[in-house]
Every structure is written in C-alpha cells, then in structure tokens.
Visitor: 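My questions all concern the structure below.
Lettering of chains follows the sequences in order, A, B, ..., and the numbering in each one begins at 1.
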Protein chains: 4
Amino acid sequence: MPEELHNLQGQKMGRKGRETRRRIMDVTLALLQDSSYKDLTVLDVVYEADVSNATFYIYFEDIEDVLFACVQEAALDMNAILDVLATDWNRRNLRQKVREFVESYNQLWEKNRVELRLRNLEADQGNPRFLHYRTESTRKIYEALGRKITELNPGQRNPDGVAIVIFAALDIIAAKHEIGIVSGATRQTRKKLTDAIVDLLSLVLENRA
Amino acid sequence: MPEELHNLQGQKMGRKGRETRRRIMDVTLALLQDSSYKDLTVLDVVYEADVSNATFYIYFEDIEDVLFACVQEAALDMNAILDVLATDWNRRNLRQKVREFVESYNQLWEKNRVELRLRNLEADQGNPRFLHYRTESTRKIYEALGRKITELNPGQRNPDGVAIVIFAALDIIAAKHEIGIVSGATRQTRKKLTDAIVDLLSLVLENRA
Amino acid sequence: MPEELHNLQGQKMGRKGRETRRRIMDVTLALLQDSSYKDLTVLDVVYEADVSNATFYIYFEDIEDVLFACVQEAALDMNAILDVLATDWNRRNLRQKVREFVESYNQLWEKNRVELRLRNLEADQGNPRFLHYRTESTRKIYEALGRKITELNPGQRNPDGVAIVIFAALDIIAAKHEIGIVSGATRQTRKKLTDAIVDLLSLVLENRA
Amino acid sequence: MPEELHNLQGQKMGRKGRETRRRIMDVTLALLQDSSYKDLTVLDVVYEADVSNATFYIYFEDIEDVLFACVQEAALDMNAILDVLATDWNRRNLRQKVREFVESYNQLWEKNRVELRLRNLEADQGNPRFLHYRTESTRKIYEALGRKITELNPGQRNPDGVAIVIFAALDIIAAKHEIGIVSGATRQTRKKLTDAIVDLLSLVLENRA
DNA sequence: GATGAATGAGAATTCATTCAT
DNA sequence: TATGAATGAATTCTCATTCAT
C-alpha cells in the first residue's frame with residue numbers, strides 16, 4: 001500500500017510527478033559517480049535530467065535535500081548483515097562467520113557505494129542530518145557485534161569499544177576499495193585488507209584472556 | 001641559511017611579505033575551527049586577515065592552495081611517533097609501548113586537529129594533492145608498525161594488511177574525538193576507544209599463533 | 001515557419017526572450033557609436049539595456065559574442081551591390097555603372113557603419129571569426145569585380161589582383177568617411193575620394209592595353 | 001650629440017636607466033608579435049622584461065605610452081621612399097620607378113611590421129596620438145605622389161584624391177602580407193597584389209586623358 | 001505539472017597604480 | 001635606480017531562487 005507522496009507545493013504526486021522526482025535523483029547519483037559532489041550544482045542536475053530549473057524546486061529544497069533523499073533510499077538491505085550476526089557463531093564456524101559478516105558489509109558498499117560515500121563525507125564534515133542518519137543506520141550493527149564479542153569472549157572488558165573500533169576499520173576498508181586508498185596507504189588489494197579485518201576480528205573473538 | 005622564497009608574482013619575499021603570507025594562513029586555520037571549510041571563501045579570509053583580496057592572490061592561487069600550505073606545515077613532529085616505534089618493544093613493556101604509540105598519535109591530532117582533519121576530508125574526496133600528501137606522510141608509520149608486528153609476532157601472515165587496518169582505525173579514533181562520532185557511533189569517551197585500540201594492537205602483538 | 005531558437009541555457013526562446021536578446025544587441029550597437037569598442041564591458045551593456053548582468057549571460061557568451069551577432073545581422077543587403085555588378089556594363093554606360101557600384105558600396109557602409117567598422121577592426125586584429133566572416137561576405141563582390149574587369153578589358157593580365165586592390169581601396173574609403181581619415185590623410189571630402197575611386201576603376205576598365 | 005633624456009620622475013637617465021627603458025620597449029614589441037596587443041598588460045611586459053612593475057612607471061605612463069614610443073622610433077627611414085619619389089620619372093623608366101616605389105614601401109613594412117600595424121590599428125580606432133602621427137609621417141609620401149601624378153599626367157583632374165586612394169591601397173597590401181588577408185580576400189601571393197598596385201599606378205601615370 | 005525568464009547576490013580574479021625603502 | 005608590498009576598483013561570471021504563465 002503506497003504512501004501518498006506530496007511535492008513541496010503540497011500537491012499529491014501522480015505518476016508523472018514521481019517519475020520526474022525519480023529522474024532528478026537518478027541523475028544526481030549518476031553525476032556523483034563522475035565528479036566530486038563538492039561542486040554539484042542544481043544547474044548540473046536539471047540540465048542532465050532535462051527539466052527546467054524551476055522544476056527542481058517543485059520536488060526538492062536544495063541540493064542537499066536530493067542528496068539526503070538518495071542516501072535514505074540506499075541502505076535498506078542492512079538486514080543481510082544483521083542476519084549474519086543473528087546466526088549462531090561458535091568455535092568451529094567462527095572464521096567462516098566472521099568472513100561472511102565482513103563480506104556482507106563489503107557487498108553493501110559494493111551496491112551503494114555512491115550513497116554511502118556521500119553519507120560518510122557529509123557526516124564527517126559534521127552535517128547533522130547525515131550524521132544522525134549514519135548513527136541510526138549503523139548502530140544496530142555494532143551493537144550486535146558488541147554482543148557477539150561478549151558472548152564469545154566474556155573476558156573482554158571493553159566489548160563495545162572494540163566493536164566500534166573494528167566497525168570503524170571495516171567501514172573504511174569497505175569504503176576505500178574503489179579509490180584504493182586507506183588512510184595514506186598505497187593501493188592494496190581488497191583481499192589483503194579484508195583478510196586483515198577477518199584476522200583481527202577472529203582474534204578478538206577467539207582469544208581467551 | 002634561509003632559502004629565498006618567492007611569491008606568486010615572482011618577487012623575492014622579504015620580512016613583510018612573509019608575515020602577510022603567514023597571517024593569511026593563520027587566519028585560514030582559525031576560520032576552519034569555527035565553520036566548515038566547505039564554504040570558506042577568499043573574501044572571508046582576507047576580511048579576517050585584514051588585507052585586500054588582491055593581496056591574497058599575491059601569495060596563493062586559491063583557497064585550496066592556502067589549505068594545502070597549512071596542511072603541509074602541520075605534520076612536522078611525526079617524529080615523536082616514529083621514535084616510539086623505534087624503541088625496543090618486548091613482552092614485558094608491550095602494553096606500555098602500545099599505549100605510548102597510541103597516545104603519541106592522539107597527541108599529534110590534538111595539536112594539529114584542524115590541519116589533519118582538513119587533510120583527511122580532502123583526501124577522502126579524492127583530491128590528489130592531499131591524497132598523495134597523506135600517503136607520504138603516514139607511510140612510514142604504518143610501515144614501521146608492520147615491521148613491529150612481524151618482529152613480535154612472526155606467525156602473523158599478513159602484517160602489512162593488519163598494520164594498515166589498525167592504523168586506519170587509529171586515525172579515525174584520533175580524528176573523531178572532537179566531534180565525538182565514530183562511524184555512526186554515539187559520543188564515546190576518548191578513554192574507551194583508546195583502550196579498545198590499545199587492546200586490539202596488543203592482542204595482535206602478543207598472540208602467538 | 002520560424003526556427004526554434006534556444007538561449008545558452010538550452011531553453012527555447014519565446015517572445016520575451018527574443019526581445020531581451022534583441023535589446024542587448026541594440027544597446028551594444030548604440031554604445032559602439034559613442035565609445036570605442038575596446039573598453040565596452042558587459043556592465044555597460046546591461047546597465048544601458050536595463051537588465052541584470054546575469055541576464056546577459058543567458059543570451060551571450062561574452063561581449064565578443066554580441067559583437068559577432070551584431071555583425072552577422074548587418075550585411076544582409078549585399079545584394080544591392082551584386083545587382084549592380086550583374087547588369088550589363090559597356091563602353092557607353094561605363095562611368096555611370098562604376099559610379100553606381102561605388103555608391104552602392106558607400107551606402108552599405110552608411111547603413112551599417114558601426115557593424116562593418118567593428119568587423120574590420122576585429123578582422124584586422126586577427127580575430128578568426130570576424131576574419132572568416134569578412135572573407136565570406138565580401139568574396140562574391142570582388143570576384144564579380146574581377147570578372148567585370150576580364151570582360152571589359154581582356155588585355156588585363158591580373159584581373160583578380162587588381163579587383164582585390166580596388167576593392168581594398170574602396171572598403172577603406174567607404175570606411176573612413178566618418179572619421180575622415182584615410183591612411184594618414186587629413187579629412188577629405190567624400191566626393192573627392194569617391195571620384196578618385198571611380199576614376200581609377202573606370203581607367204582600368206576602359207584602358208585597352 | 002645625444003639629447004639629455006629624462007625619465008618620468010624628472011631624473012636624467014644614465015646608461016642603466018636607458019637600458020631599462022630600452023628593454024621594456026623591446027619586450028613590448030616582442031610580445032606584440034605573438035599576441036594581440038588588445039590584452040597586453042603592464043604585468044606581462046614587466047614580467048618579460050624582468051623588472052618590477054614599479055619600475056615600469058619610472059619610464060612610462062602606461063601601456064599606450066610604450067606603444068607610442070615604439071611606433072615613434074620605427075618609421076625613421078621613410079626617406080628611402082621619398083628618395084625614390086625625388087628622382088626623375090619619365091615615360092621610359094616609369095614602370096621601373098613605380099615598382100621601386102612600391103617595393104620600398106613594402107620593405108618599410110617588412111622592417112617595421114609590428115610598429116606600423118600597431119600604428120594603424122590604434123589610428124583606425126580613433127586614437128588621436130596615433131592618428132596624428134600617421135598623418136604626419138605619411139603626408140609627405142602621398143603629397144609627393146600627388147605631385148608625380150600631376151607632373152606625368154597633367155590631365156588628371158583629381159591628383160590628390162587618386163594619390164590618397166592609391167596610397168591607401170598600397171598601405172593595406174603592404175600591411176596584410178603577413179596575415180595574408182586583404183579586406184576579405186583569401187590569401188594571395190605578395191607578388192600578385194604588388195603587381196596589381198604597380199599596374200594601377202602605372203596606368204594612372206601613363207594615361208593621357 | 002512544468003518551464004521560460006529574470007535577477008540579487010556574491011565570489012573569483014585581475015590590473016593599473018602607488019609608496020616607502 | 002629599482003623594487004617589494006599592497007590595494008582600490010573594476011569586471012567577469014555563476015548560482016540558487018522566484019514568479020508568472
């Protein structure tokens with residue numbers, strides 16, 4: 001049952017309206033793949049979307065508004081990752097499960113690279129909307145991760161902190177695959193860094209203090 | 001014996017010129033503490049520095065040029081960190097050394113928060129100058145860290161990867177103290193995250209496969 | 001069936017848009033009558049045209065672009081001159097025809113002094129667009145003139161060269177009436193110089209080697 | 001006996017000062033060969049001349065001032081042309097003399113192309129200094145030419161007008177050799193146009209009404 | 001639902017020019 | 001004699017945004 005969507009003028013959006021709105025978002029994402037979002041202008045978008053600039057303002061407040069709309073649409077399948085964390089991890093399947101977890105997060109990035117990158121850049125610059133959104137959409141993951149740590153390695157005194165740190169690293173590694181740059185590192189193969197994360201997390205979980 | 005510095009017009013820079021150039025940089029950094037660098041304009045800078053906008057262009061190409069100059073000046077005391085890594089780490093002093101290492105990196109950020117944050121934001125957005133600069137100025141650290149891992153834990157098959165991942169996490173943790181946000185986490189005390197990193201690195205180094 | 005014209009933003013130009021574009025061109029020409037085109041600025045034009053400077057850039061790339069548009073519009077009635085050259089010239093009506101030809105060219109200049117002067121100045125300075133345009137729009141004339149020379153004076157061995165030289169002189173004389181300066185000469189009455197050109201051309205045509 | 005030259009500050013110019021002034025002029029002429037003089041700036045000149053911009057104003061008021069100084073220096077050997085006109089022209093040596101005259105004018109342009117082109121462009125744009133200078137420096141030539149016409153062809157009723165027209169054409173042909181463009185004509189060999197002028201002038205002089 | 005037209009506002013940039021040294 | 005330093009004043013140009021149709 002689809003919600004009733006309205007444009008910024010308060011009108012109910014029909015098929016045509018929804019299509020136009022969609023096209024603006026699609027074009028925006030397409031443009032972000034090429035150029036930096038830093039200099040993405042309303043004019044660029046409307047030119048590419050082949051609508052008049054006045055039309056833009058029927059559906060969005062400004063550029064940031066489209067960007068946020070794009071980001072919001074993206075991360076819906078976070079569930080795949082949570083599913084992995086919901087299964088039973090034990091001594092025998094540990095490495096396998098850890099790898100599944102890491103890979104599922106990588107896949108999320110693979111699918112939504114543009115949106116997630118955008119989310120991070122804006123959040124890193126302190127943009128509250130994006131900051132809050134990032135927190136909300138990732139909280140479940142590192143909380144679940146924290147619980148896993150506690151569960152498998154009850155001796156770990158600081159499970160939440162470790163979870164956050166691991167997750168931070170995971171996020172970066174996943175994020176930087178494309179441009180191949182990790183915090184000053186030269187290009188590294190995906191495999192090497194993924195393995196390192198897997199190693200690290202496994203170590204944390206296996207280790208009995 | 002001081003080098004002969006020239007401004008963009010090819011004139012030798014005397015005392016007064018150097019002072020003006022300095023003031024522009026200082027003001028830029030001061031402005032970055034308050035507002036986002038995203039909308040920092042030449043006009044903002046020259047107003048604050050109390051020089052005409054024409055003067056700005058005698059010393060810098062554009063805003064990015066000042067930013068880069070600021071960043072370049074910052075990381076000079078990277079040596080403190082390398083020094084820690086140059087000492088002897090052994091089973092007895094391990095935790096202590098790891099903590100020193102982490103703390104020294106935190107301190108680097110404490111001193112140069114604005115510049116380093118800037119460097120990372122630009123690099124993350126794919127700006128080549130900053131990307132390259134970050135690589136060059138951090139390479140030594142994670143290379144040394146990689147060697148330490150090999151040295152203390154020869155069983156570790158992927159020391160470089162692990163070093164990069166650890167360093168990436170360290171960089172984020174250090175970076176995000178201020179805004180209190182780690183990859184979507186809610187505000188966390190410095191201590192907790194620092195401890196987590198220390199734990200993690202210690203674990204990697206202690207663990208005998 | 002009028003063509004669909006577009007402005008620089010790709011919008012179809014309606015009545016209002018065409019009017020604005022026109023007004024900018026008209027004002028530009030008016031301003032050129034007073035002051036040198038050398039220091040004609042976009043600001044001058046938009047002030048006089050009573051539009052914002054942003055509006056200017058909707059219709060023209062820069063000042064040169066308006067200038068060229070003005071020049072292009074001007075020389076439409078080149079046909080009057082070609083018509084004279086298309087009639088039968090013979091021994092009896094020769095002087096009369098020559099005079100008609102010269103006068104028709106003078107009249108062209110009288111009507112489009114600003115535009116033609118502009119065209120020449122830019123072309124003389126090597127501006128390719130204007131150079132090319134001048135070539136194209138005058139070629140027919142001096143080619144026809146060359147043929148006339150051959151026709152009436154078959155003994156002339158270098159009809160094209162002579163035609164070009166005569167035409168060059170004609171162009172200058174016509175051009176310089178206003179400012180009264182011909183290649184360093186003090187002000188000369190129109191009549192005197194026109195007579196001289198008529199004499200010269202008649203001489204060329206009459207003379208049987 | 002060299003005149004005592006003063007710079008704009010009223011100081012007598014010594015060797016060094018004269019050298020600097022010279023260098024500025026030389027550089028200006030060199031720059032004019034490449035680029036249009038339209039956008040020649042003081043900064044360009046001083047950069048190329050390797051002096052400070054302040055130095056420029058010791059010797060010249062502004063760019064036009066240098067340009068005029070350059071132009072003034074150029075046409076000194078106008079005498080060669082006047083010499084040709086001062087010899088005896090008669091029926092037998094006529095074509096030969098005409099050709100000498102035309103060639104000598106071409107040579108003047110060959111040697112001083114940049115300066116003469118500059119002079120013409122400025123004069124054509126109505127710049128009074130250059131206009132006046134052009135008049136003065138060419139008057140003798142077309143006056144002498146007018147007398148020659150009267151002398152050799154007393155029947156010619158409008159010798160001054162014809163002289164001016166011929167001279168105007170001569171000037172253009174000489175001027176346009178380089179850029180190969182004569183008032184809209186496509187590139188023509190020097191020879192062809194020179195021959196045409198020679199023909200024309202000979203015709204005027206030979207013809208007995 | 002869409003768009004042609006227009007603009008205010010501000011940013012970047014460049015120059016000619018001056019002055020103290 | 002020369003120049004480092006600075007600037008006022010334009011000018012170009014671009015954008016986000018609005019509004020009447």
Side-chain angles (χ1 to χ4, degrees), chain A residues 7 9 11-21 39-46 50-63, chain B residues 6-7 9-21 39-44 46 50-59 61-63, chain C residues 6-7 9-21 39-44 46 50-59 61-63, chain D residues 7 9 11-21 39-46 50-63:
Chain A
N7 65 29
Q9 292 173 353
Q11 301 164 321
K12 250 180 274 177
M13 279 166 52
R15 185 176 56 79
K16 211 175 164 208
R18 280 199 303 275
E19 274 174 16
T20 302
R21 199 184 117 100
D39 32 51
L40 186 66
T41 79
V42 173
L43 262 64
D44 292 338
V45 172
V46 299
D50 205 33
V51 295
S52 124
N53 41 6
T55 303
F56 180 93
Y57 291 94
I58 297 174
Y59 299 103
F60 299 99
E61 305 249 2
D62 48 32
I63 278 288
Chain B
H6 294 259
N7 65 27
Q9 291 178 357
Q11 297 171 322
K12 264 176 255 168
M13 277 167 55
R15 184 178 55 78
K16 215 172 162 213
R18 281 200 301 273
E19 274 172 19
T20 302
R21 200 185 116 101
D39 32 53
L40 186 65
T41 80
V42 172
L43 259 64
D44 293 338
V46 298
D50 203 35
V51 293
S52 90
N53 47 2
T55 301
F56 179 92
Y57 291 96
I58 294 174
Y59 299 103
E61 306 248 4
D62 47 32
I63 281 287
Chain C
H6 294 258
N7 64 28
Q9 289 176 359
Q11 296 172 321
K12 264 177 255 168
M13 275 167 57
R15 183 179 55 77
K16 213 172 164 215
R18 280 199 301 275
E19 275 173 16
T20 303
R21 198 185 119 101
D39 32 52
L40 186 66
T41 81
V42 172
L43 257 64
D44 293 338
V46 298
D50 204 34
V51 293
S52 89
N53 48 4
T55 301
F56 179 92
Y57 291 98
I58 294 173
Y59 299 104
E61 306 247 3
D62 47 32
I63 281 287
Chain D
N7 65 29
Q9 292 173 353
Q11 300 164 320
K12 249 178 274 177
M13 278 167 53
R15 185 176 55 78
K16 211 175 163 207
R18 280 200 303 276
E19 275 174 16
T20 302
R21 200 184 117 100
D39 31 51
L40 186 66
T41 78
V42 173
L43 262 63
D44 292 338
V45 172
V46 299
D50 205 31
V51 294
S52 125
N53 42 5
T55 302
F56 180 92
Y57 292 94
I58 297 174
Y59 299 103
F60 299 99
E61 306 248 1
D62 48 33
I63 278 288

Visitor: Could you tell me if the side chain of Val45(D) sits less than 4.5 Å from the side chain of Ile63(D), heavy atoms only?
Guide: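 Heavy-atom side-chain distance check passes, below 4.5 Å.
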Visitor: Could you give the CG-to-P distance, from Asn7(C) to dG4(E), as a whole number of Å?
Guide: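 Going from Asn7(C) (CG) to dG4(E) (P), I get 8 Å.
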Visitor: If you pin Thr55(B) and Ala54(D) to their nearest nucleotides in DNA chain F, which one's is more 5'?
Guide: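 This one resolves to Ala54(D).
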Visitor: Which heavy atom in Asp44(A) sits nearest to a heavy atom in Asp39(A), and how many Å separate them?
Guide: OD2-O, 3.6 Å
Visitor: Any side-chain N or O of Ser52(C) less than 4.0 Å from the OP1 or OP2 oxygen of dG8(E)?
Guide: no
Visitor: Considering every strand shown, what is the Watson-Crick or G-U wobble mate of dT14(F) when both distances are under 3.5 Å?
Guide: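 Its partner is dA9(E) (Watson-Crick or G-U wobble, both distances under 3.5 Å).
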Visitor: What's the spacing between Glu19(D) CD and Met13(D) CE if we round to 0.5 Å?
Guide: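 Reported to 0.5 Å precision, the distance equals 10.0 Å.
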Visitor: Give the rounded distance in Å between these two atoms: CZ of Phe56(B) and P of dC15(E).
Guide: 17 Å
Visitor: Check the phosphate of dA2(F) against Thr20(D), side-chain N and O only, distance under 4.0 Å to OP1 or OP2. Yes or no?
Guide: yes
Visitor: Is any side-chain heavy atom of Val42(C) closer than 4.5 Å to one of Tyr57(C)?
Guide: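 Side chain of Tyr57(C) against side chain of Val42(C), heavy atoms only: contact under 4.5 Å found.
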Visitor: Which sits closer to the 5' end of DNA chain E, Met13(C) or Leu43(B), going by the nucleotide each is nearest to?
Guide: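 Nearest nucleotide further toward 5': that of Met13(C).
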Visitor: Identify whether any heavy atom of Tyr59(B) sits under 4.0 Å from a base atom; if not, whether one sits that close to sugar-phosphate; answer base, sugar-phosphate or nothing.
Guide: sugar-phosphate
Visitor: Give the rounded distance in Å between these two atoms: CZ of Arg15(B) and P of dA20(E).
Guide: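 Arg15(B) atom CZ is separated from dA20(E) atom P by 16 Å.
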Visitor: Indicate, yes or no, whether a donor-acceptor pair under 3.5 Å links the base of dT13(E) to the side chain of Asn53(B).
Guide: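 Check passes, donor-acceptor contact within cut-off.
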Visitor: Counting only side-chain heavy atoms from C-beta out, which of dA11(E), dA5(E), dC13(F) sits nearest to Asp62(C)?
Guide: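 The closest nucleotide is dC13(F).
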Visitor: Using whole Å, report how far CZ of Arg18(A) lies from P of dA2(E).
Guide: 12 Å
Visitor: Using a cut-off of 4.0 Å on non-hydrogen atoms, how would the nucleic acid contact of Ile58(B) be classed: base, sugar-phosphate, or nothing?
Guide: base
Visitor: Please determine, for dT21(E), whether a Watson-Crick or G-U wobble partner exists with both distances under 3.5 Å, and give it or none.
Guide: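 dA2(F) - that is the nucleotide pairing with dT21(E), both distances being under 3.5 Å.
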Visitor: OP1 or OP2 of dC19(F) versus the side-chain N and O atoms of Tyr57(A): is any pair under 4.0 Å?
Guide: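 No, Tyr57(A) has no side-chain N/O under 4.0 Å of OP1/OP2 on dC19(F).
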Visitor: What is the distance, rounded to the nearest whole Å, between atom CG of Asp44(C) and atom C1' of dT11(F)?
Guide: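 Result: 10 Å.
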Visitor: Tell me what Phe60(D) touches on the nucleic acid: a base, only sugar-phosphate, or nothing, going by heavy atoms under 4.0 Å.
Guide: nothing
Visitor: To the nearest 0.5 Å, what is the distance between CG (Asp62(D)) and CZ (Phe60(D))?
Guide: 10.5 Å
Visitor: Name the nucleic acid region contacted by Gln9(B), choosing base, sugar-phosphate or nothing; use a 4.0 angstrom heavy-atom cut-off, strictly under.
Guide: nothing
Visitor: How long is the line joining CD of Gln11(C) and C1' of dA2(E), in whole Å?
Guide: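 Distance, rounded to whole Å: 12 Å.
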Visitor: What is the distance, rounded to the nearest whole Å, between atom NE2 of His6(B) and atom C1' of dG4(F)?
Guide: 12 Å
Visitor: In Å, rounded to the nearest 0.5 Å, how long is the span from CD of Gln9(B) to OH of Tyr59(B)?
Guide: 8.5 Å
Visitor: Using the closest heavy atom to pick a nucleotide of DNA chain F for each, name whichever of Glu61(C) or Lys12(B) lands nearer the 5' end.
Guide: Lys12(B)
Visitor: Starting from C1' on dT12(F), measure out to CG on Asp39(D) and report it in whole angstrom.
Guide: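 For the pair Asp39(D) CG and dT12(F) C1', the rounded distance is 15 Å.
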